[in-house]
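In what follows, a single structure is set out as structure tokens and then discussed.
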Protein chains: 2
Amino acid sequence: MSPRVLDEQSLLAREQMIIEAALNIIEREGVENFTMDKVVASVPFSKGTVYKHFNGKEDVILAINNQSLVILCDFFARAAKYEGSPRERMLLVNFSYLMYSLLHPVLFTVELCARSPSVLERCAQTRIDTFEAKQTTLLLIIGGIIQEAVDKQHFKMPETMGVEQVCFSNWSMAYGIISLLSQQDEKCDVRAGLKVERELFNNNNFLLDGMQWLPLSGDRDYKKEVVKALETIFPEELAKLAQAGLRLDL
Amino acid sequence: MSPRVLDEQSLLAREQMIIEAALNIIEREGVENFTMDKVVASVPFSKGTVYKHFNGKEDVILAINNQSLVILCDFFARAAKYEGSPRERMLLVNFSYLMYSLLHPVLFTVELCARSPSVLERCAQTRIDTFEAKQTTLLLIIGGIIQEAVDKQHFKMPETMGVEQVCFSNWSMAYGIISLLSQQDEKCDVRAGLKVERELFNNNNFLLDGMQWLPLSGDRDYKKEVVKALETIFPEELAKLAQAGLRLDL
DNA sequence: ACCTGAACACCGTTCAAGT
DNA sequence: ACCTGAACACCGTTCAAGT
């Protein structure tokens, strides 16, 4: 009898089951209470099999994050293809990141954990490679908008910078704001009076104005434009947020 | 015989010993390998005593972070009192955060961990309060610079914003850049071509230019000023970095 | 009043034994 | 070739017993 070799198909299916089981646990109990034992218990395979797919618990967390990035990527793409000036779409991409963090708070929390050094250091290199690749995809969407702005002469690239650097400017700005303000549950001094959507809007305008990316915020009512555009791009998502009592207040 | 009651003095001394032992372990083995067992083994008290001081492992991590913030606070203060325009000092405060992350990479890593939701959720409320308080102190230093810029009419506060919001703009910008670029060890696509000091410098100028905070970057050679100021404020620290092969390349 | 460390439940990971 | 789950080492946390 020839040795049966598992086809890639079913291997992937199994991996997918594990990832989904893990996400379920995290959604019910929080990342901080996530364990491999619980995963194994809620999946029809043994520990050994689970460990054949994943280096360990941290590796599972990164795997979840890698999947989440597909959702985020879709958000980015929808924002990027909106018809509007490049600058407006840049703003919209950042707001799509915010939408993502609000609609999928657990996934966003997983992302924050996945990025923390103590987790990343325990992951399989191939999974880190996938993570990097997905991240690059996201940055390329931003890069495309920047390139278009340059082509349309809305924006003149500073001599000392490349496209990747302008990408990173935008991304790190949004990441800083959203990650620092996303742990909203506590009643804490520091974040009092800060509204994530407003800070994101303001900072984005400052940053792009500082880059001289036209049209400047003084010449356009970006607030109105963003509100309108979001309703076009994310109608169902906004409804879902409103249902949860969350309303963007620009 | 009257029951001996431990004075606060020795309680604090003991807590300090535990914190230092923990930091030692983290410095040797990394946050990801930090355990309470190891702490107890390297300290002359029993498990029970350690747990009398700390809610658990995460609580110890936050305690370390709270202490580290004193060092960071000193860095901020030194940058803030440099003689120079408010805008220059704002830039310097952000660079002092960068200096801190380079000089104390382990402490900065601990900060990233401490901020991650899975850790924060397990800490004692009083320790979280201390964390918030220290954070507020940091933001107040930034706030003082902003206030001074307003007083000197270098900067007109946007009508829709308060001082805390401008503080947060600056802080989140620096935090986003430094935290995303600080896990430098891996050879990863995304961060290729990005230099943390340069991105921080550029983004800060964009942000402040966008805010119309005078003097604008076109009217001043901030690069030269920052280099000179850092040599004045952090001479020993820069030497230590250079010794480690790290040189700020603006 | 305070401290100790044994004890327990749980977790991560491995690998010899099975099919 | 692949899977299983017992086994092990370690970890976090508690608390009855000691001083």
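Letters A, B, ... are given to chains in the order of the sequence lines, protein chains preceding strands, and every chain is numbered from 1. Below, each value reflects all heavy atoms present in this structure, side chains not excepted, and no hydrogens, waters or symmetry copies.
- Comparing D:dT4, C:dC3, D:dT13 by their closest approach to the side chain of A:Phe45 singles out D:dT4.
- Here D:dC11 presents its P atom at 13 Å from CD of B:Glu32, a figure rounded to the nearest Å.
- Following rounding to the nearest Å, A:Arg122 (CZ) and C:dG12 (P) show an atom-to-atom distance of 10 Å.
- B:Met36 places its CE atom 17 Å from the C1' atom of C:dA9, with the value rounded to the nearest Å.
- Picking from C:dG5, D:dG12, D:dC3 the nucleotide with the shortest atom distance to the side chain of A:Ser46 gives D:dC3.
- Residues A:Tyr175 and A:Leu112 have side chains in contact (heavy-atom distance under 4.5 Å, counting atoms from C-beta outward).
- Note: NE2 (A:His53) to P (D:dC2) measures 11 Å, nearest angstrom.
- The shortest distance between side-chain heavy atoms of B:Val39 and B:Phe34 falls below 4.5 Å.
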Going through the distances and angles, do B:Glu237 and B:Arg78 end up as a salt bridge (charged side-chain N to carboxylate O under 4.0 Å, His left out)? CA-CA 12 Å; B:Glu237 287 81 0; B:Arg78 281 155 71 186; 3.1 Å; yes
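- A donor and an acceptor atom sit less than 3.5 Å apart, one in the side chain of B:Lys47 and one in the base of D:dT13.
- D:dC2 and C:dG18 make up a base pair, with Watson-Crick or G-U wobble contacts both under 3.5 Å.
- Within the 4.0 angstrom heavy-atom criterion, base atoms lie near B:Thr49.
- In this structure the side chain of A:His53 never reaches within 4.5 angstrom of the side chain of A:Phe45, judged on heavy atoms.
- Pair check for D:dC10 finds none; no Watson-Crick or G-U wobble contact set falls under 3.5 Å.
- Considering only heavy atoms from C-beta on, B:Ile142 comes within 4.5 Å of B:Ile146 through its side chain.
- A:Tyr51 has its OH atom 11 Å from the P atom of C:dC11, to the nearest Å.
- Checking D:dG12, C:dC3, C:dG12 against every side-chain atom of A:Lys57, the shortest atom distance belongs to C:dG12.
- B:Gly48 comes within contact range of at least one nucleobase, with a heavy-atom separation under 4.0 Å.
- Of the candidate nucleotides D:dC11, C:dG12, C:dC3, C:dC3 has the atom nearest to the side chain of B:Arg14.
- What separates CG of B:Asn33 from P of D:dC11 is a distance of 9 Å, to the nearest Å.
- Between A:Glu58 atom CD and C:dC11 atom C1' the separation is 12 Å, expressed in whole Å.
- Rounded to an integer number of Å, the gap from CG of B:Leu11 to P of C:dA1 is 14 Å.
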